[in-house]
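Here's the structure we're looking at; comments come further down.
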Amino acid sequence: MFRIAKNLVRTFEQSVQDTLALSQDSSNLDAFFQSIPPNLLSAQLESPVDAVSEGVKHTNVNETLSGLRIVWVDEMQFQLQSFFDYIVGFNDDPVPVVSNQHGFSYPDYRRITSIFNEHCGRTLKVNIWSAKGGTFRDEYISIISKESDDLDDVSLNHDERRPSSGEAHQFQALGFKVQWTPLIASTFTYHILNVNIPDGPAQSAGLIPDEDYIIGCQDGLLATGGETLLQDIVRSRANYDLVLYVYNKVSDCVRPITVHIGPDGRLGCNVGYGFLHRIPTVKHCPQQAQQQGQDDNPVPVPVPVESETAFVPSAFTAPPVPTKKKSKNKKGTQPLAMDDYFNEGRDKSSTAAKSAESDILAPPPQKQSSSD
Amino acid sequence: EVDRVMLNKWRQWNVDMTTWRSIGSGPIME
């Protein structure tokens, strides 16, 4: 019975994905990526075709579509955000890439350095895709020429993993670091739906239901994604502390939290994973524009996003609404019946069976979630 | 009760992913 329910949820989620893709008149590209101008993706979208024509089997384009992900920003760099932002173009041209024999694209750092060198003393238009709702924007970054008497830092330890870009930087440090990463990696997030263990690890650490999303954990253990990955990591950290990085959609900020996992290996909250639980678009209040005009150092004040539209990126609000309404209508009847079903099963089981069942950490199907 | 003051203190903070295990390819460039 439970397996059937879980399969139903997966079918439902897949149908949402398919509907969204079809509604955008693009058969393959994930709706989350369709805010990116097609010309910025052309170089990457062409290479898999070439690879296929050579008889090499290629994976889904949504899994390989990549950008220069911001992995670190300086304290004084306010234009970019780590984790969420990807550079997908310069001056409305794609990131220069080269393809290997398997059809996979990699950034041409030599040409990228040339672009920055050419813009010394000017601003460079950088095309950014953000994982917050899958939105696209432009940032104008000032490229400051390096003074002639500036000396480059040369590491005494030769590190094979960090080769030079092949061309001397004629500009000062930009205040951010990047790594070529698939865009899909930023969708591996776990939405806190509710706290189910009073005074449990989640509640003690201050996780906020509906508002919070776990986007990563110490050492990047969540980087590969997967519906059960968080659950597996938490279970493996029983009796230990675990550092999680949490995004709050109301305050539009990321904070680190430390949770102490008990001997049962549970986080104490239900989490949602998948298309419906990606980071939503940030919505600012109308007063922000006025505030920016009056204040030299404005702090935008995000407005709480209603849960009805929270998971729907702004670029495609229309298609999912009917689907969402259906699930809302079901909420009053079907889930209660399912809860009764599960509770009935628990009451009849033996004590040993109960403890074994509690380790399963099964997701309640009506919310497309998993329990940790 | 959600502590908004505490949350707003993290507004300008960015997570450092340079030491994370990653599915990205190639070196971290700056």
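In what follows, every heavy atom counts, from backbone to side chain, and hydrogens, waters and symmetry copies are set aside. Keep in mind the model is a prediction, meaning the values are calculated, not measured. Quick note on labels: first sequence line is chain A, next is B, and so on, each numbered from 1.
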Open item on the list: Which one wins on heavy-atom pair count under 4.5 Å against chain B: A/Gln77, A/Glu75, A/Gln218, A/Glu211?
Closed with: A/Glu211

Task: Part of A/Phe188 lying under 4.5 Å from any heavy atom of chain B - done: side chain

- [ ] Under 4.5 Å heavy-atom distance to chain B, tell me which part of A/Tyr106 shows up: side chain, backbone, both or neither.
- [x] side chain

- [ ] Please determine, by modelled atom types, if A/Tyr213 and A/Asn248 share a side-chain donor-acceptor pair under 3.5 angstrom.
- [x] no

Task: Part of A/Ile112 within contact of chain B (heavy atom distance under 4.5 Å) - done: neither

Task: Heavy-atom pairs under 4.5 Å with chain A, option from B/Thr18, B/Asp16, B/Thr19, B/Leu7 with the top count - done: B/Leu7

TODO: May I ask you to decide whether A/Lys132 forms a salt bridge with A/Asp85, counting only side-chain N to carboxylate O separations under 4.0 Å?
DONE: no

Open item on the list: Does any backbone or side-chain atom of A/Ile208 lie under 4.5 Å from a heavy atom of chain B? Answer side chain, backbone, both or neither.
Closed with: side chain

TODO: Please state whether the side chain, the backbone, both or neither of A/Ile70 comes within less than 4.5 Å of a heavy atom of chain B.
DONE: backbone

Open item on the list: Quick check for you: to the nearest 0.5 Å, what is the distance between A/Asn117 atom CG and A/Gln170 atom CD?
Closed with: 4.0 Å

Task: A/Ala185 portion near chain B, given a 4.5 angstrom heavy-atom threshold - done: both

TODO: Tell me, for B/Val2 versus chain A, whether the close heavy atoms (under 4.5 Å) come from the side chain, the backbone, both or neither.
DONE: side chain

Task: Charged N-O contact under 4.0 Å between A/Lys249 and A/Asp210 - done: yes

Task: More than 12 heavy atoms of other groups within 6.0 Å of B/Arg4 CZ - done: yes

Open item on the list: Any heavy-atom pair between the side chains of A/Val254 and A/Phe84 that's under 4.5 Å?
Closed with: yes

Task: Ion pair check, A/Asp212 and A/Arg255, cut-off under 4.0 Å - done: yes

Open item on the list: Less than 4.5 Å to any heavy atom of chain B: does that hold for the side chain of A/Pro107, its backbone, both, or neither?
Closed with: neither

